[in-house]
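Structure first, then comments.
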There are 2 protein chains.
Amino acid sequence: MAKTGGHSRTAIAPALDSLDFALDRGSPVPLYYQLAQQLEAAIEHGVLAPGNLLGNEIDLSVRLGLSRPTVRQAIQTLVDKGLLVRRRGVGTQVVHSQVKRGLELSSLYDDLEAAGQGPTTQVVRNEHVPATADVAAALGIAEGGDVVVLERLRATHGQPVAILCNYLPATLLELDTARLESTGLYRLMRSAGITLHSARQTIGARCATAEEAARLDEREGAALLTMQRTAYDDTGRPVEYGTHIYRASRYAFDFQLLVRP
Amino acid sequence: MAKTGGHSRTAIAPALDSLDFALDRGSPVPLYYQLAQQLEAAIEHGVLAPGNLLGNEIDLSVRLGLSRPTVRQAIQTLVDKGLLVRRRGVGTQVVHSQVKRGLELSSLYDDLEAAGQGPTTQVVRNEHVPATADVAAALGIAEGGDVVVLERLRATHGQPVAILCNYLPATLLELDTARLESTGLYRLMRSAGITLHSARQTIGARCATAEEAARLDEREGAALLTMQRTAYDDTGRPVEYGTHIYRASRYAFDFQLLVRP
DNA sequence: CAGTGGTCTAGACCACTGT
DNA sequence: CAGTGGTCTAGACCACTGT
């Protein structure tokens, strides 16, 4: 039967009393957000330890001079991030083993840039072409419609790591080759005001062809990771379709999933 | 510069007026949840079409006889699911291209079961062993501590697809071999009252060894997808560590990511 | 400018938990 | 039983958007 585990004495975070939250009502930053950030910092620095109870919401709101809904909104932010757990009748506590943070959607960002390995990018192709059937279907445009195709070779430490092939609606933004070689595609899109919202990905594997092997400095038949992805902006419009291959000997996808009830 | 796209006349959903939401205050189901479900159904059935504006929150709350915060809570639920988009000064609209639904975290569930391919599972190993260093680290227990190791061969249509190796804290639940052969591990854990909350995954690829190839009915050197995963319950406790290999010729990971701002 | 969602208040009653 | 988070109300003022 379901034993939730030894439940060894949870105490109200002793540090919480002495913790002085500095809330600035003059700031344009919302109060709930100021509070959430300070709670998050306290958890990050270990001031609030895993398993600590936060103290009930009413007391907390009185102590902070905030209304209860505002305190709840701050807590909800951290619950969404997986840092706090709420239990009715029990209280709100700091999650036991912190899941490694900052990785939530790294695979949506520039895949290698996040690793801090100083990646380099060589743009092999950057031109307008008519959309093939699969590209048109992925981007939700007519077959033969104008799209930009982008092919990049990415390397770290002078070693090739991946061949990235992307298709974008031609009208979406200007893709400057020089800028693409100094930053990631997604960063470029964001700075053009495109807000990425979701993506659908397929990750598979296969053996390298002779040509792929040569370009990636592998032997023929070496294992490759493959990814296809369609990314959508916050209105649900497809904004990018990509087909990537990665050297499995030098790269793996690493990410965290949050289960929403 | 950022053109958000042709913005072709968005109209208030004409259907919204005639849509009668049936809210039952006697029900134990929260009002915001009743509303969210009915809105979701309307979107799903196309009554609310992509791009339609929902009408402002104040009018909506008056019309429904609810307070504005309750209406907001319902809308927020659907925004979180990626079905609605809010824009300050503009309104709330139905997302343009609905992202395929029901896939959000399929890779956290029984990987093949979701595909509806009638998978079969053969339990090769199910016993208590002392934790090795890597298993102990992943599960946050002492090296040499008691863990259950589980090895399963999964197949569809009589063809092997994956070899799944999992480690669980020994005290967590009873793992009945017969039940494991008829259902997935995660389903078993959920029915034992364990609430999965998050997981950290690494997906890579490599070539099959001779022994792996033999067990998976592949040739030596064939591409394999590899996954390592640590799953956590809603208190942040690690509840499972797994090392899986999949035949790349017969399986790929397919999932959707939501970007949270 | 009018209209929208974003934030915030100060309460209320309830369902659930653990002792 | 006392204590907790979950839900809900009826307002208020503001920042931002598009015309």
Side-chain angles (χ1 to χ4, degrees), chain A residues 2-13 23-37 52-80 84-93 193 195 234-235 261, chain B residues 2-13 23-36 52-80 84-93 193 234-235 261:
Chain A
K3 285 272 297 178
T4 316
H7 225 338
S8 60
R9 291 249 3 98
T10 42
I12 294 201
L23 299 171
D24 177 6
R25 280 178 186 271
S27 161
V29 178
L31 292 170
Y32 82 88
Y33 194 80
Q34 294 182 37
L35 176 56
Q37 289 219 304
N52 277 171
L53 283 170
L54 218 59
N56 78 63
E57 297 174 351
I58 313 250
D59 287 357
L60 210 54
S61 60
V62 170
R63 182 132 48 89
L64 295 169
L66 296 172
S67 70
R68 184 179 167 209
T70 300
V71 170
R72 276 183 68 81
Q73 198 174 359
I75 291 175
Q76 188 59 47
T77 304
L78 300 187
V79 169
D80 287 344
L84 295 177
V85 199
R86 281 202 243 245
R87 296 179 184 284
R88 184 168 3 194
V90 179
T92 301
Q93 63 184 150
T195 307
D234 58 358
T235 69
Chain B
K3 285 272 296 177
T4 315
H7 226 338
S8 60
R9 291 248 2 96
T10 42
I12 293 203
L23 299 172
D24 176 5
R25 282 179 185 269
S27 162
V29 179
L31 293 170
Y32 81 89
Y33 194 81
Q34 294 182 37
L35 176 56
N52 276 172
L53 284 171
L54 216 58
N56 77 64
E57 297 173 353
I58 312 253
D59 287 357
L60 210 53
S61 59
V62 170
R63 181 132 49 90
L64 295 170
L66 296 173
S67 71
R68 185 180 168 209
T70 299
V71 171
R72 275 182 68 79
Q73 198 174 359
I75 291 174
Q76 189 59 48
T77 304
L78 300 186
V79 169
D80 287 343
L84 295 176
V85 199
R86 281 201 243 246
R87 295 178 184 284
R88 194 186 329 215
V90 179
T92 301
Q93 63 185 150
D234 59 357
T235 70

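Just so we're on the same page: letters track the sequence lines, and every chain starts at 1.
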Open item on the list: Within the 4.0 Å heavy-atom criterion, would you say A:Pro69 contacts the bases, only the backbone, or no part of the nucleic acid?
Closed with: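 Result for A:Pro69 = base.
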
TODO: May I ask you to say what B:Ile58 touches in the nucleic acid, namely base, sugar-phosphate or nothing, with a heavy-atom cut-off under 4.0 Å?
DONE: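 No contact at all - B:Ile58 keeps every heavy atom at 4.0 Å or more from the nucleic acid.
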
Open item on the list: Taking the nucleotide of DNA chain D with the nearest heavy atom to each, does A:Arg86 or B:Val71 sit closer to the 5' end?
Closed with: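 Final value for this comparison: A:Arg86.
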
Starting at [atom1] of [X], measure out to [atom2] of [Y] and round the result to the nearest 0.5 Å.
| X | Y | atom1 | atom2 | answer |
| --- | --- | --- | --- | --- |
| B:Arg72 | B:Ile58 | CZ | CD1 | 10.0 Å |
| A:Leu54 | A:Arg86 | CG | CZ | 10.0 Å |
| A:Thr70 | A:Gln34 | OG1 | CD | 11.5 Å |
| A:Tyr33 | A:Thr77 | OH | OG1 | 8.5 Å |
| A:Leu84 | A:Leu78 | CG | CG | 5.0 Å |

Can you tell me how far [atom2] of [N] sits from [atom1] of [X], to the nearest Å?
| X | N | atom1 | atom2 | answer |
| --- | --- | --- | --- | --- |
| A:Arg68 | D:dG6 | CZ | C1' | 7 Å |
| A:Leu31 | D:dC13 | CG | P | 17 Å |
| A:Leu64 | C:dA10 | CG | C1' | 16 Å |
| A:Gln76 | C:dT7 | CD | C1' | 16 Å |
| A:Glu57 | C:dA10 | CD | P | 17 Å |
| A:Gln73 | C:dG5 | CD | P | 16 Å |
| A:Ile75 | D:dG5 | CD1 | P | 7 Å |
| B:Leu84 | C:dT4 | CG | P | 16 Å |

TODO: Provide the closest heavy-atom pair for B:Gly55 versus B:Leu60 in the form atom of the first, atom of the second, distance.
DONE: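 Looking at all heavy atoms of both residues, the shortest contact is O-CD2, 4.5 Å.
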
TODO: Could you tell me which non-hydrogen atom of B:Val85 sits nearest to which non-hydrogen atom of A:Thr235, and how far apart they are?
DONE: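 Heavy atoms of B:Val85 and A:Thr235 come nearest at CG2-CA, 4.2 Å.
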
Among [options], the nucleotide that comes nearest once only the side chain of [X] is considered:
| X | options | answer |
| --- | --- | --- |
| B:Arg72 | C:dT9, D:dG18, C:dG6 | C:dG6 |
| B:Leu66 | D:dT9, C:dC8, D:dG5 | D:dT9 |
| B:Thr70 | D:dT7, D:dG18, D:dT9 | D:dT9 |
| B:Arg25 | C:dT9, D:dC8, C:dA15 | D:dC8 |
| A:Arg88 | D:dC8, C:dT7, C:dC16 | C:dC16 |

Task: Base of D:dG18 paired with side chain of B:Arg87 (donor-acceptor, under 3.5 Å) - done: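 No.
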
Could you tell me whether the phosphate oxygens of [N], OP1 or OP2, come under 4.0 Å of any side-chain nitrogen or oxygen in [X]?
| X | N | answer |
| --- | --- | --- |
| A:Tyr32 | C:dT7 | yes |
| B:Asn56 | C:dT4 | yes |
| B:Thr92 | C:dT4 | no |

TODO: Check DNA chain D for consecutive Watson-Crick or G-U pairs with both distances under 3.5 Å and list the runs of at least three as stems.
DONE: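 As far as DNA chain D goes, consecutive pairing (with distances under 3.5 Å) yields the stems C:1-18 with D:1-18.
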
TODO: Determine the sole option in B:Val29, B:Leu23, B:Leu31 for which the side-chain contact (heavy atoms from CB on, under 4.5 Å) test with B:Ser27 is passed.
DONE: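 Result for side-chain contact (heavy atoms from CB on, under 4.5 Å) with B:Ser27: B:Val29.
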
